[in-house]
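Remarks on the structure that follows.
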Amino acid sequence: MGKSRIILFAAIAMIFAACKGDDMTDIRTAAQGYLDAMGNYKPTEARAYATKETCEQTLSFYEELLKHTDPKVFANNMPAEITLGNVTIEDSTAVIEFHKHTPITEQDGTLALVKRDKKWQVDEVINVPPMLNPKTLQEGGRKFTDEQIQQMRRNGAKSSKELKVQE
């Protein structure tokens with residue numbers, strides 16, 4: 001009786017580990033595909049990895065922005081190389097850290113994913129670059145009010161000075 005329980009627990013642990021491993025692979029595949037496409041100015045390709053809401057909001061906005069942007073503006077910012085970092089999974093949500101390197105810029109960020117219908121999809125871009133966020137184009141020369149900055153910090157945003165201290 002004791003040996004059969006041990007075997008049963010071992011089998012359950014192996015199944016659980018295999019499922020977690022599949023989730024990790026699927027999360028990394030979705031994140032890499034989305035970030036590669038977005039980093040190289042190909043939002044249409046990113047749609048395959050995104051939720052319906054992300055397609056309707058983030059990607060539609062980005063596609064419209066690119067229609068009105070001279071390709072020369074971003075041509076020297078390619079190719080983008082994306083390096084994925086730590087993944088945190090909680091039930092059907094995940095957050096993955098990433099680093100983006102291009103010939104002219106470096107960017108660190110996080111990406112949120114959700115599992116819907118057994119498929120991991122990008123749900124939201126956290127720390128959207130200011131050029132993609134129309135709310136940053138406010139009057140008065142300042143991009144954000146003090147209240148907005150405090151709200152961003154409560155949501156986990158860090159200043160470039162704070163990020164350098166962490167390195």
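Quick caveat, the model's predicted, so the values are computed rather than measured.
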Contacts of Thr105 that satisfy side chain to side chain contact (heavy atoms under 4.5 Å, CB included) - sequence neighbours left out: Asn77, Thr102

Pairs where residues 64-74 contributes a residue and the test salt bridge (charged side-chain N to carboxylate O under 4.0 Å, His left out) is met, not counting sequence neighbours: Glu64-Lys67

Distance-only criterion, 3.5 Å: show the donor-acceptor pairs between side-chain atoms of residues 79-87 and protein atoms not counting sequence neighbours.
none

Sidechain-backbone polar pair: Tyr62 side chain, Met38 backbone, donor-acceptor under 3.5 Å: yes

Side chain to side chain donor-acceptor pair (under 3.5 Å) involving Arg116 - partner list, sequence neighbours excluded: Glu53

Under-4.0 Å salt bridge between Asp26 and Lys119: no

Side chain to side chain donor-acceptor pair (under 3.5 Å) involving His101 - partner list, sequence neighbours excluded: Glu106

Rounded distance [0.5 Å steps], CH2 in Trp120 versus CE in Met24: 9.5 Å

Criterion side-chain contact (heavy atoms from CB on, under 4.5 Å) on Val114 and Thr51, from CA distance to verdict: CA-CA 8 Å; Val114 295; Thr51 63; 3.6 Å; yes

Validation row: Ile96, Thr110 side chains within 4.5 angstrom (heavy atoms): no

Whether Ser60 side chain and Gln57 backbone form a donor-acceptor pair below 3.5 Å: no

Sequence neighbours excluded - salt bridge (charged side-chain N to carboxylate O under 4.0 Å, His left out) pairs with any residue from residues 39-51: Arg47-Glu63

Atom pair OH/CE of Tyr41 and Met78 - distance to nearest 0.5 Å: 8.0 Å

Qualifying residues under side chain to side chain contact (heavy atoms under 4.5 Å, CB included), relative to Thr69, sequence neighbours excluded: Leu65, Val73, Phe74

Residue list, side chain to side chain donor-acceptor pair (under 3.5 Å) with Lys52, at least two apart or on another chain: none

Side-chain touch Asp23/Lys115, heavy atoms, less than 4.5 angstrom: yes

Any Pro43 side-chain heavy atom under 4.5 Å of Leu66 side chain: yes

Between CG on residue Leu59 and OG1 on residue Thr54, distance to nearest 0.5 Å: 6.5 Å

Asp36: side chain to side chain donor-acceptor pair (under 3.5 Å) partners, not counting sequence neighbours: Gln32

CG on Leu113 to OH on Tyr34, rounded to 0.5 Å: 9.5 Å

